[in-house]
Amino acid sequence: GQQLNQSPQSMFIQEGEDVSMNCTSSSIFNTWLWYKQDPGEGPVLLIALYKAGELTSNGRLTAQFGITRKDSFLNISASIPSDVGIYFCAGQEPGAGSYQLTFGKGTKLSVIP
Amino acid sequence: GAVVSQHPSRVICKSGTSVKIECRSLDFQATTMFWYRQFPKKSLMLMATSNEGSKATYEQGVEKDKFLINHASLTLSTLTVTSAHPEDSSFYICSATREDEQYFGPGTRLTVT
């Protein structure tokens, strides 16, 4: 199946700093999604992107659907301690049945107070 | 937002026994549910697509006779790990589709001793 390359794998940042992470694929996606997962919990949707070039914000989070449809980034501004967690990108391929998603390997974010 | 629950949240079983994990959509009906497996510090790997009233669709490399999926109603899918072995120890997460979005359950931590 499709592979997603997500980077960086992990980040250590100071509270208040901005964060950026991205995902790339070798093929196009129709939908890009960004999730956050806390330890021992299921992923929670942060932002969904449905059109190439789309830029969407959710509070301090901003994500963009790359115009080539092969990449997406997530920015977090002014990070706070509760931003700690693992962030996953996920994509839905054209023609994928039943909304099947492919996940990136995750970016583990640590925020130093 | 939509709520998906899983039961149990944690289970420890002996090698050779079978374990059933339930996934419920609490406030909506889901014709399609997904089962994922997640190893520590790894991404979510789709195991199978569970369709209400029909057989599940398994991803390549997932043994359908070992991981039995039953989607008996529009709000319940079950995953049974048969003859469990220590290598089946993992975090199992389900999701349910509502309109265009997947909503994830909180996960079930399975430990096989």
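We use all heavy atoms of the structure for the numbers below, so side chains are in, but hydrogens, waters and symmetry mates are not. Each chain gets a letter, A, B and so on, in the order its sequence line appears, and its residues count up from 1.
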Participant: Is B/F28 reachable from B/L76 through a run of I, L, V, M, F, W or Y residues, each pair having side-chain heavy atoms under 4.5 Å apart?
Facilitator: no
Participant: Do B/Y103 and A/V44 come within less than 4.5 Å of each other through their side chains, counting heavy atoms only?
Facilitator: no
Participant: Can you confirm whether more than 12 heavy atoms, excluding those of B/M45, are under 6.0 Å from its CE atom?
Facilitator: no
Participant: Is B/E59 in contact with chain A via its backbone, its side chain, both, or neither, using a 4.5 Å heavy-atom distance?
Facilitator: side chain
Participant: What option among A/G106, A/P39, A/G40 has the most heavy-atom pairs under 4.5 Å with chain B?
Facilitator: A/G40
Participant: Just checking B/R10: does its CZ atom have more than 12 heavy atoms from other residues, nucleotides or ligands closer to it than 6.0 angstrom?
Facilitator: no
Participant: Test your reading of the model: is there a side-chain donor-acceptor pair from B/S43 to the backbone of A/G104, 3.5 Å cut-off?
Facilitator: yes
Participant: Which heavy atom in A/Y35 sits nearest to a heavy atom in B/Q102, and how many Å separate them?
Facilitator: OH-O, 4.0 Å
Participant: Hey, is NZ on A/K36 packed in by over 12 heavy atoms from elsewhere, all under 6.0 Å?
Facilitator: yes
Participant: I'd like to know whether NE2 of B/H7 has more than 12 heavy-atom contacts from other residues, nucleotides or ligands below 6.0 angstrom.
Facilitator: no
Participant: Heavy-atom cut-off 4.5 Å, strictly under: side chain, backbone, both or neither for B/Q38 against chain A?
Facilitator: side chain
Participant: B/L44 versus chain A, heavy atoms under 4.5 Å apart: side chain, backbone, both or neither?
Facilitator: both
Participant: Name the option with the most non-hydrogen atom pairs under 4.5 Å to chain B; the candidates are A/A48, A/A90, A/P43, A/G42.
Facilitator: A/P43
Participant: How far does CZ of B/F104 sit from CD of A/E41, to the nearest 0.5 angstrom?
Facilitator: 13.5 Å
Participant: With a 4.5 angstrom heavy-atom cut-off, which part of A/Q9 approaches chain B: side chain, backbone, both or neither?
Facilitator: neither
Participant: Determine whether more than 12 heavy atoms belonging to other residues, nucleotides or ligands lie under 6.0 Å from atom CD1 of A/I80.
Facilitator: yes
Participant: Are B/F34 and A/L101 co-members of a hydrophobic cluster defined by side-chain heavy atoms under 4.5 Å apart?
Facilitator: yes
Participant: Check for me, please, whether B/L68 and B/V81 land in the same ILVMFWY cluster - side-chain distances under 4.5 Å, paths through other members count.
Facilitator: no
Participant: Is chain B contacted by the side chain of A/L45, its backbone, both, or neither, given a heavy-atom distance below 4.5 Å?
Facilitator: side chain
Participant: If you define the side chain from C-beta out and look only at heavy atoms, does anything of B/F91 sit under 4.5 Å from A/Q37?
Facilitator: yes
